[in-house]
Structure formats: structure tokens, C-alpha cells
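Take a look at the structure below.
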Amino acid sequence: MANSNKVSFPTPCRVVVKVGTRLLTHSTGKLNLGYMEKLARELSDLRNQGHEVILVSSGSIGAGRGRLNIMHKEVTIPEKQAIAAVGQGLLVQIYEKLFSEYGLIVGQILLTRTDLVSRKRYINACNTVLTLLKLGVVPIINENDSVSVEELKFGDNDRLSALVAGLSDAHLLVLLTDIDGLYTSNPRKDPEARLIPVVEKIDDKIKAGADKSHDDLATGGMVTKLQAAEIATNSGVGMYITGGSDPGVISRLIKGEHEGTYFRPQVHFLNRRKRWIAYGQVIKGWVTVDQGACNALCSSNKSLLPVGVVSVEGNFEAGDLVAVKDLNGEEIGRGLCNFSSQELARIMQRTSPEIADIIERPFAEEVIHKDNLVIY
Ligand code: GLU
């Protein structure tokens, strides 16, 4: 490996490890206890060395299907949620048993997408994770599949683990998977595919190589892994995608050995509040801005003013998250809007004195203040 690929992490290192269903279950659908044992041993050993470990574990649906003996049958959403309720209990019961053999305590956190939408709940989740770490506990996190509403889900643990890495200020996120990294194209289909050792920036070429993979039990593929990499690196967290059949790889990565694909964190990454705006929130609408406003937002770190808005889509309230698009329809950023969609439709393209005659309440001058705006 070339020297420029060298990666190093602080000691102790705060590491989030995400493990997918394919590694955690056999092809029969039953839990792979041998693998879970190796993983618990590896994470316990890291903890004994003083590192801080957070585990984001999939497998509730896989384990639940195995336990209930409904392996490959199509199931309804309520059935899937019931399956997850059975599987999640089983999963954590086994982790608790395995980690306690090495003298460690685990704590389960189940998150839903809506838990991160409110700033208060986002901070609350963050405090719980950090307190568990302080107590020497290994947090084990999964999506709360039993109660999550289908339209409003993380849907995959790749992005969930990146959000967790961001909210816990981790140094490293490791996605353990059954493929040994990111390739120039899908290596299962293309013999010419080459492994990419380090990604400095997730550009269109990198995205084009990612191929959506499907599986009976697992969710996500390279596409969601790249989305996770975007969240992690913009949150200042380095991320590895690596083959996880030997969990010993985590120690090697922390020591600076290189296996798989490393996504380098951005130098100018988002602060915690902007991470929450960019990734915790759910978009409620869209505003399109003219070229002048686009330049001011992208190059001069300015707030968005009503005069620069040319159209409004969606139905949102003041304080909601909206995406900002340029005239080509490309999303250039997102932020918390000071006006409702109805108000904005009436004041767009107008100057401040004109707005005072339209809005009959105290109002901010900006549509989105620069402190509440994230530009990509
Ligand atoms: N939360 C799902 C489960 O526990 C997994 C989602 C994923 O595989 O990314 O089954």
C-alpha cells in the first residue's frame, strides 16, 4: 500500500462497529453463534485495551424468522414487526451472555428515525450513548423495527451506524460486511473490478461503482454504505468498509493496518448541530433559488433571503427542514426554514420592506439563517 494511504487513529479509539445480517446468520436463517462469539471476544478485547466500542447490530428480523421458523415466506409489515420483536430479544440475550463471559456489560438502545428528528431527543440519545461508554458498558444499537413506521425508517443499519458515529463523536466507523471493500464495479459480476483502498471524496465516479445488492435477510448494499460514508466523513468520522468474517480485523484497523476501503473524514466537517440538521431531520419541502442566491450560499456562506427564492414545494411549517435546490433541480443544501410554505410562497422574490406588509407577525429577515443551513 502506498504511504499516502496510511491511516492512523488515536488511542484510546472510540469505534462504532456495524455488523450485518449476512455475517450474523447462517444460510438456514438461524443465528451464527460461532461468529457472534468471535465478535464479542474481539470487542471485549478492544474494550480491555481501553478503546470505547459501540456495536450496531442487525439480525433481529433474521433471528426472529429463524426462531419462528418462517424463513423465506413473504410476510406483511405487521408480521415483520412481530418477527423483529421476537428476534431482537433473542439477539440481545445472546450478546449479553457472550459479553458477560468476558466480564463486560451490554446496554441495548433501539432507535427510530423520529427519535433523531427532535433536537431534544437527538441530544438525549447522544447523552445515553456517552453515559453508557463512561460506565464501561458496550452499547448495542439497532433500529426499533417493531414500532418503526415503514415510510419513516432508517431502513438499513449502514446509515443508522453513521448517524450513531456522528452523534457519539467517534473516531472510526467500521462496516463489517461479506464483501472486502468498495470496488470500481460489482466484483460478483465483473472480473475487471478493482478494490479502491482509500476514498478521499465521494464523487460521482465512486457512486457509479456502487451497485445495489439484494438479499433475503439483509438490507442495503453498496449504495447505503456510500450514503453512510457521506454522513460519517461529513461528521468528521473515518469509515472502513471491510470483510468482516474475521472480527479480528477491527483491532488491525485501529493499529493502522489497512484492509478494505477507507473513507477519509472531511477536514471541514459539520459541527454537531449541523450534523443533526443535515442527517437527523426529515425533509418536509423544497425551495428553489436563483443563480445569485445559489452563488451567495455556496461561495460566500450567506443566509438565504426571500428575494432569492423562485419556487416552493411541499407543505411545511416554520422551523421545518427544507432542501434547497438550484435552477437545475440539484439539491445544494438543506436548512431550517423560518417561514411556512404558505408564507414563503407569498414573500418569495420580495425585499424585506415589502414582506412587512405581507407577514403579520414578527419575522426573521432570512428564509434560512446561515447557522441553520448546511451546504454540500
Ligand atoms: N434492523 C434490521 C434487523 O435488525 C436490519 C437492517 C439492516 O440489515 O441494515 O434485522
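The basis for the numbers below is simple: all heavy atoms, side chains too, and nothing from hydrogens, waters or symmetry mates. Order of listing sets the numbers, starting from 1, for every ligand and every atom in it.
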State, yes or no, whether a side-chain contact exists between Ile241 and Leu176 at a heavy-atom distance under 4.5 Å.
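No, their side chains stay 4.5 Å or more apart.
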Should you measure from each heavy atom of [X], which atoms of ligand 1 turn up under 4.0 Å away?
X      : answer
Thr21  : 8 (O)
Ser58  : 4 (O), 5 (C), 7 (C), 8 (O), 9 (O)
Asn142 : 1 (N), 3 (C), 4 (O)
Gly59  : 3 (C), 4 (O), 10 (O)
Asp156 : 9 (O)
Ser60  : 3 (C), 4 (O), 10 (O)

Could you tell me whether a side-chain N or O of Asn124 sits under 3.5 Å from a main-chain N or O of Lys120, the two making a donor and an acceptor?
no
Check each heavy atom of [X] against ligand 1 and say whether those closer than 4.0 Å belong to the side chain, the backbone, both or neither.
X      : value
Thr224 : neither
Asn157 : both
Ile61  : both

Look at atom NZ of Lys274 and say whether more than 12 heavy atoms of other residues, nucleotides or ligands are closer to it than 6.0 Å.
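Check passes, neighbour count above 12.
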So, [X] and [Y], do they make that salt bridge, N to O below 4.0 Å?
X      : Y      : answer
Lys134 : Glu52  : no
Lys284 : Glu317 : no
Glu200 : Arg264 : yes
Asp158 : Lys18  : yes

Determine, using the 4.5 Å side-chain heavy-atom cutoff (strictly less than), whether Ile202 and Ile332 are members of one ILVMFWY cluster.
no
Would Gly20 count as a contact of ligand 1 if the rule is a heavy atom under 4.0 Å away?
no
Check the pair Tyr240 / His258 against ring-ring contact (aromatic ring centres under 6.0 Å, His included), numbers first and verdict last.
CA-CA 9 Å; Tyr240 263 107; His258 188 105; 5.4 Å; yes
For [X] and ligand 1, does the shortest N/O to N/O distance drop below 3.5 Å?
X      : answer
Lys18  : no
Asp145 : yes
Glu143 : no

